[in-house]
Visitor: 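Please see the structure below; I have some questions.
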2 protein chains.
Amino acid sequence: MANCSVARTLDVVGTRSTLLVMREAFLGTRRFHDFAERIGSGEAVTAARLRDLTAAGLMEKVPYQEPGQRTRYEYQLTQKGRDLLHAIMALREWGDSWAADEQGPPWISTHTGCGAEVRTVMRCAHGHDVHFGETTVTPGPGLILTDPAAHS
Amino acid sequence: MANCSVARTLDVVGTRSTLLVMREAFLGTRRFHDFAERIGSGEAVTAARLRDLTAAGLMEKVPYQEPGQRTRYEYQLTQKGRDLLHAIMALREWGDSWAADEQGPPWISTHTGCGAEVRTVMRCAHGHDVHFGETTVTPGPGLILTDPAAHS
DNA sequence: TGCCTGACTTTGTCCGATGCTAGCCAGCGC
DNA sequence: GCGCTGGCTAGCATCGGACAAAGTCAGGCA
């Protein structure tokens with residue numbers, strides 16, 4: 001099980017604070033102060049997460065300058081970071097379904113074009129909707145080369 | 001930001017070993033020995049995660065009996081657990097795209113009906129495909145009641 | 001009755017994530 | 001230059017998860 005894509009993903013974004021930073025980024029947050037305030041984990045943790053995510057290539061620092069202020073940097077998602085959107089959305093949906101308080105979900109995500117609510121779904125390359133139990137998992141090229149010795 | 005569905009989800013499945021157990025469950029693993037062996041995190045961690053997931057209602061223990069063996073229990077996903085499939089799939093896809101080794105992804109997930117590869121996508125209730133930047137996030141009922149005092 | 005095996009549980013230790021406080025530093029206004 | 005402010009960084013205590021090894025327990029079996 002050495003070569004598992006889920007484990008590899010968790011190596012990069014596997015901590016709570018990292019995923020919360022990414023959540024904020026998807027909500028449109030760009031600046032250090034806003035991240036620190038909204039995540040509620042302290043400036044040190046925020047700075048560490050932003051540094052790690054920048055180093056990992058999920059975010060990039062872009063300079064900006066408010067009038068009368070010195071140049072500062074904001075943090076924008078790269079394509080690599082934006083590709084995590086589905087995962088964040090799916091985690092949010094699960095929380096909405098199974099862990100929301102009585103009042104309902106805190107945020108609602110809608111399609112900007114038509115206003116209808118957005119959800120994640122699975123779909124195959126032929127365009128069919130796919131649900132739990134309708135998938136077949138087969139070893140891919142990355143697995144075959146890994147375990148001549150132990151099966152683990 | 002107290003009421004965030006992503007954070008609530010992470011309270012339940014926010015650790016690496018928890019998500020690895022869920023991944024194994026989606027690959028069809030049911031029995032303690034198989035979980036422990038394939039996750040590679042030791043029996044103590046495996047037992048703790050299975051216990052936590054059962055207590056949280058994502059899995060349930062179902063008795064079974066091999067001939068000549070005493071009754072044992074296997075762990076099956078409940079609906080609450082199965083609903084995490086999209087999140088696991090999305091994390092796996094990200095790992096395949098951005099963190100796979102040169103040989104390629106270790107597993108390939110295909111639609112059992114037609115054999116085409118499966119991916120997660122976002123779609124609105126009207127049936128439109130939705131991509132990054134095409135969503136509007138608005139406060140939902142759960143947020144409005146939380147912050148009379150501080151904005152945080 | 002006592003052994004043996006598989007499935008956990010307990011104990012202890014280590015390490016990384018977190019939270020807190022204080023300090024550094026670049027650069028704009030003065 | 002000088003001080004002030006925002007954006008980090010360093011140091012430290014704490015806590016929870018990860019890992020290893022030994023202990024417990026149920027029940028089939030000799």
Side-chain angles (χ1 to χ4, degrees), chain A residues 1-2 4 6-25 29-56 59-76 152, chain B residues 1-2 4 6-7 9-25 29-56 59-76 150 152:
Chain A
M1 221 31 69
C4 166
V6 177
R8 284 162 184 265
T9 303
L10 295 176
D11 286 339
V12 180
V13 294
T15 66
R16 175 187 178 81
S17 57
T18 306
L19 283 167
L20 294 182
V21 167
M22 292 302 291
R23 173 208 70 187
E24 268 311 310
T29 301
R30 295 264 175 98
R31 299 186 179 178
F32 180 82
H33 176 79
D34 295 329
F35 278 111
E37 185 176 69
R38 293 175 191 164
I39 291 169
S41 296
E43 296 187 346
V45 171
T46 305
R49 286 308 83 92
L50 288 171
R51 179 164 26 84
D52 295 346
L53 286 169
T54 303
M59 306 188 97
E60 59 186 354
K61 293 173 73 168
V62 179
Y64 73 96
Q65 191 163 23
E66 296 274 338
Q69 300 285 315
R70 71 173 198 262
T71 300
R72 302 191 189 287
Y73 294 88
E74 57 182 19
Y75 296 85
Q76 298 187 3
S152 79
Chain B
M1 221 30 71
C4 167
V6 177
T9 301
L10 295 176
D11 287 339
V12 180
V13 293
T15 66
R16 175 185 179 82
S17 57
T18 305
L19 284 167
L20 294 183
V21 168
M22 292 302 292
R23 174 208 69 187
E24 269 311 308
T29 300
R30 295 264 174 97
R31 300 186 179 177
F32 179 82
H33 176 79
D34 295 330
F35 277 110
E37 184 176 70
R38 293 177 191 163
I39 291 169
S41 294
E43 296 188 347
V45 171
T46 305
R49 288 303 84 79
L50 288 171
R51 179 163 28 84
D52 295 347
L53 286 169
T54 303
M59 306 187 96
E60 58 186 354
K61 292 173 74 167
V62 177
Y64 74 95
Q65 191 163 23
E66 297 276 338
Q69 299 286 314
R70 71 173 197 263
T71 300
R72 303 191 188 285
Y73 294 89
E74 58 182 18
Y75 297 85
Q76 298 187 3
S152 77

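The sequence lines fix the lettering, A, B, ..., with proteins before strands; numbering per chain opens at 1. The figures here come from the full heavy-atom set of this structure, side chains too, leaving out hydrogens, waters and symmetry mates.
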Visitor: Take atom CG of A:Asp11 and atom P of C:dG16, then tell me their distance rounded to the nearest Å.
Guide: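 Between P of C:dG16 and CG of A:Asp11: 13 Å.
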Visitor: Can you spot which of B:Arg23, B:Glu37, B:Arg38 makes a side chain to side chain donor-acceptor pair (under 3.5 Å) with B:Thr29?
Guide: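 Among B:Arg23, B:Glu37, B:Arg38, the one that satisfies the side chain to side chain donor-acceptor pair (under 3.5 Å) with B:Thr29 is B:Arg38.
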Visitor: Taking side-chain hydrogen bond (donor to acceptor under 3.5 Å, both in side chains) as the test, write out the residues that go with B:Arg72, two or more places apart.
Guide: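 Per chain and number, B:Arg72 pairs via side-chain hydrogen bond (donor to acceptor under 3.5 Å, both in side chains) with B:Gln69.
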Visitor: May I have the distance from A:Arg31 (atom CZ) to D:dG7 (atom C1'), rounded to whole angstrom?
Guide: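 Going from A:Arg31 (CZ) to D:dG7 (C1'), I get 13 Å.
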Visitor: Closest approach to the side chain of B:Ala47, judged atom by atom: which nucleotide of C:dT9, C:dA7, D:dC8 is it?
Guide: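 Of C:dT9, C:dA7, D:dC8, C:dT9 is nearest to the side chain of B:Ala47.
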Visitor: Generate the contact string for nucleotides 11-23 of chain D. Rules: B means base contact, S means sugar-phosphate contact only, - means no protein heavy atom under 4.0 Å.
Guide: ------SSBBB--
Visitor: Return the set of residues passing side-chain hydrogen bond (donor to acceptor under 3.5 Å, both in side chains) with A:Arg30 (not counting sequence neighbours), or none when no residue passes.
Guide: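 With neighbours one apart ignored, the set is empty.
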Visitor: Looking across every strand, which nucleic acid part, if any, lies under 4.0 Å from A:Phe35 by heavy atom: base, sugar-phosphate, or nothing?
Guide: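 Nothing, no nucleic acid heavy atom in range.
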Visitor: I'd like to check B:Val45 versus B:Ile39 (side-chain heavy atoms, cut-off strictly below 4.5 Å). Are they in contact?
Guide: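 No, side chains not in contact.
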Visitor: What residues form a side-chain contact (heavy atoms from CB on, under 4.5 Å) with A:Thr46, not counting sequence neighbours?
Guide: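 By the side-chain contact (heavy atoms from CB on, under 4.5 Å) rule, A:Thr46 matches A:Phe32, A:Phe35, A:Ala36, A:Leu50.
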Visitor: Take the protein atom CG of A:Asp34 and the nucleotide atom C1' of D:dC8, then report the distance between them rounded to whole Å.
Guide: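 It is 15 Å, rounded to the nearest whole Å.
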Visitor: Any chance you could list the contact pattern along nucleotides 24-30 of chain D? Use B for base contacts, S for sugar-phosphate-only contacts and - for none, protein heavy atoms under 4.0 Å, 5' to 3'.
Guide: --BSSS-
Visitor: Does D:dC8 have its OP1 or OP2 closer than 4.0 Å to a side-chain nitrogen or oxygen of A:Tyr75?
Guide: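 Answer is yes, contact under 4.0 Å.
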Visitor: Looking at C:dG27, I'd like to know if its phosphate oxygens (OP1 or OP2) sit under 4.0 Å from a side-chain N or O belonging to A:Arg72.
Guide: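 No, because none of the side-chain N or O atoms of A:Arg72 sits under 4.0 Å from OP1 or OP2 of C:dG27.
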Visitor: In whole angstroms, how far is the C1' atom of D:dT9 from the CZ atom of A:Phe32?
Guide: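 Atom-to-atom, A:Phe32 to D:dT9, this comes out as 10 Å.
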Visitor: What is the distance from CD1 of A:Ile39 to C1' of C:dC20, rounded to the nearest Å?
Guide: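 Result: 17 Å.
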Visitor: Please report the distance, rounded to the nearest Å, between CD in B:Glu37 and C1' in C:dG6.
Guide: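 From B:Glu37 CD to C:dG6 C1': 14 Å.
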Visitor: Apply side-chain contact (heavy atoms from CB on, under 4.5 Å) to B:Tyr73 and list each qualifying residue two or more places apart in sequence or on a separate chain.
Guide: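 Applying side-chain contact (heavy atoms from CB on, under 4.5 Å) to B:Tyr73 gives B:Lys61, B:Pro63.
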Visitor: Got a sec, which residues hit side-chain contact (heavy atoms from CB on, under 4.5 Å) with B:Thr15, two or more places apart in sequence or on another chain?
Guide: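 Here the qualifying residues are B:Ser17, B:Thr18, B:Arg49.
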Visitor: Among residues at least two apart in sequence or on other chains, which ones pass side-chain contact (heavy atoms from CB on, under 4.5 Å) with B:Arg51?
Guide: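 side-chain contact (heavy atoms from CB on, under 4.5 Å) check on B:Arg51 returns B:Ala48.
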Visitor: Run the side-chain hydrogen bond (donor to acceptor under 3.5 Å, both in side chains) test against A:Glu60 and tell me which residues pass, sequence neighbours left out.
Guide: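 Partners of A:Glu60 under the side-chain hydrogen bond (donor to acceptor under 3.5 Å, both in side chains) test: none.
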Visitor: Rounded to the nearest Å, what distance is computed from the OH atom of residue B:Tyr73 to the C1' atom of nucleotide C:dT9?
Guide: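 About 17 Å, once rounded to whole Å.
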Visitor: Give the rounded distance in Å between these two atoms: CZ of B:Arg30 and C1' of C:dA7.
Guide: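 About 19 Å, once rounded to whole Å.
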